[in-house]
Amino acid sequence: MSKSFISTFLFFSFITVFGQSKPIDTKPKDTVVYEQSYGLRAGIDLSRLILTSLDDNYTGFEIVADYRLTQKLYIAAELGNEKRTKQEDLYNFTTSGSYIKVGVDNNTYANWYGEQNSVFMGARLAFSTFENTLNNYQLFDSNRYWNPEGFAPGSNEPEQFSGLNAAWIEALFGTKIELFSNIFLGASIRLGFLFTDAQDGRFPLLWVPGFNKVTWDSKFGVGYNYSISYFLPLYKKKNRAKKKIEELENEEK
């Protein structure tokens, strides 16, 4: 009986040692497969609506949209219409027209499970068609003898310059945060470079819808927008994600 007991004990000891000889992974790979939503996100620019309500010399409206292609890459576009009246030293003019911007956004933010926020860099190719109306103007005269308080009146008859257009490229940086389920608040700042324009020689190009102010000594312009949009999920893709090891180590501490 003692021999049987010793044999049985040695057998189970061998099995235990053999089972423990396999290396133990103290930091197993924490990867899960989950589904991310892909679809169309569309909304409006809030900044143009606010400026329209506050400034009597401006009206504007812009639609924003993007479509998710991959986990980080989006096709994006903006379509809008603007009208602005400005008073310069010698003349008053009104510019009105429409514009479209098309390009891509690259999300640089690593979301946690279930998040759809983005911090992105992007680029746009933009095109605008518009018209200028010279509302009135004065004549510049260095001799102020006859008009000591101002310049001589030129004309108060509006003169229209139609069929104008301009094209430019934009580099932008922005973010979109999910406030509620599928509702996003976004903001972006944009640097544009005007590379073509068509204008009447009698009146300079001073302001372009979608681009902003134009100066004679620079082709660069700065813009921004604040948007609210709704995400319409169309389908889902499985994506393999990995939790950050730093958080797991912090939890162990």
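Counting only heavy atoms from C-beta outward, the side chains of T133 and F93 never approach each other to under 4.5 Å. Within the 4.5 Å cutoff, no side-chain heavy atoms of Y74 are placed close to those of Y67. In this structure, Q71 and Q36 have side chains that are in contact, with non-hydrogen atoms separated by less than 4.5 Å. Looking only at side-chain heavy atoms (C-beta outward), I169 and F195 come within less than 4.5 Å of each other. F61 places none of its side-chain heavy atoms less than 4.5 Å from the side chain of E82. T85 places a side-chain heavy atom less than 4.5 Å from the side chain of N92. At a threshold of 4.5 Å between non-hydrogen side-chain atoms, the residues I189 and L172 do not count as touching.
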L134 and Y91: side-chain contact (heavy atoms from CB on, under 4.5 Å), yes or no, with the steps?
CA-CA 7 Å; L134 181 60; Y91 50 86; 3.8 Å; yes
Can you list the steps and then say if N225 with V64 is a side-chain contact (heavy atoms from CB on, under 4.5 Å)?
CA-CA 10 Å; N225 74 350; V64 301; 3.9 Å; yes
Apply the test side-chain contact (heavy atoms from CB on, under 4.5 Å) to residues Y230 and I183: give CA-CA distance (whole Å), side-chain angles for both, the deciding distance (0.1 Å), then the verdict.
CA-CA 5 Å; Y230 177 79; I183 302 294; 3.4 Å; yes
Could you check L51 against R84 for side-chain contact (heavy atoms from CB on, under 4.5 Å), going step by step and ending with a plain yes or no?
CA-CA 11 Å; L51 189 58; R84 177 180 285 278; 3.8 Å; yes
Using distance only, find each side-chain donor-acceptor pair of residues 173-182 under 3.5 Å and give its atom names and separation, not counting sequence neighbours.
unit_1 : atom_1 : unit_2 : atom_2 : d
T175   : OG1    : S118   : O      : 2.9
K176   : NZ     : D66    : OD2    : 2.6
E178   : OE2    : N182   : N      : 2.8

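Cation-pi geometry between K219 and F193 is not met: the NZ or CZ atom fails to fall both under 6.0 Å from the ring centre and inside 45° of the normal. With F184 as the aromatic partner, R41 meets the cation-pi criteria of under 6.0 angstrom to the ring centre and within 45 degrees of the ring axis.
Atom-to-atom distance recorded for L49:CG and L54:CG is 11.0 Å, nearest 0.5 angstrom. Note that the OG1 atom of T129 and the CD atom of E131 stand 9.5 Å from one another [nearest 0.5 Å]. Between the OG atom in S37 and the CD atom in Q116 there is a gap of 5.5 Å [rounded to 0.5 Å]. S98 OG to N165 CG: the interatomic distance, rounded to the nearest 0.5 Å, is 13.0 Å. Distance check, rounded to the nearest 0.5 Å: CG of L185 to OG of S229 gives 8.5 Å.
None of F220, W168, F130, Y99 except one satisfies the ring-ring contact (aromatic ring centres under 6.0 Å, His included) rule with F211; the exception is W168.
Under the 4.5 Å side-chain contact rule for hydrophobic residues, L194 and V222 do not share a cluster. With hydrophobic clusters built from ILVMFWY side chains whose heavy atoms lie under 4.5 angstrom apart, I100 does not share a cluster with I63. A continuous path of Ile, Leu, Val, Met, Phe, Trp and Tyr side chains, each step under 4.5 Å between heavy atoms, connects L234 with I75, placing both in one hydrophobic cluster. By the criterion of side-chain heavy atoms lying less than 4.5 angstrom apart, applied directly or through intervening Ile, Leu, Val, Met, Phe, Trp or Tyr residues, L206 is grouped together with F161 in one hydrophobic cluster.
When the shell of 6.0 Å around CZ of F127 is examined, it contains more than 12 heavy atoms from other residues, nucleotides or ligands. In K86, the NZ atom is crowded: over 12 heavy atoms of neighbouring residues, nucleotides or ligands sit closer than 6.0 Å. The environment of Y224 atom OH is sparse: at most 12 non-hydrogen atoms of other residues, nucleotides or ligands sit within 6.0 angstrom.
Closest approach of N81 to G97, counting heavy atoms only: ND2-O, 3.2 Å. Between K101 and A126, the shortest heavy-atom contact is CG-CB, 3.6 Å. When all heavy atoms of E170 and G192 are compared, the closest pair comes out as CG-CA, 4.0 Å. The nearest pair of heavy atoms linking W207 to T95 is O-CG2, 3.4 Å.
Qualifying side-chain contact (heavy atoms from CB on, under 4.5 Å) partners for L73, counting only residues two or more places apart in sequence or in other chains: L69, T70, V104.
Counting only distance, with no hydrogens or angles, the side chain of S53 and the backbone of I50 share a donor-acceptor pair below 3.5 Å.
In summary, the side chains of D45 and S47 do present a donor paired with an acceptor at a separation below 3.5 Å, with no hydrogens or angles considered. Side-chain N/O atoms of N135 and T94 include a donor and acceptor closer than 3.5 Å.
Pairs of residues two or more places apart, or lying in two chains, that qualify as salt bridge (charged side-chain N to carboxylate O under 4.0 Å, His left out) and include a residue from residues 114-127 are E78-R124, D105-R124.
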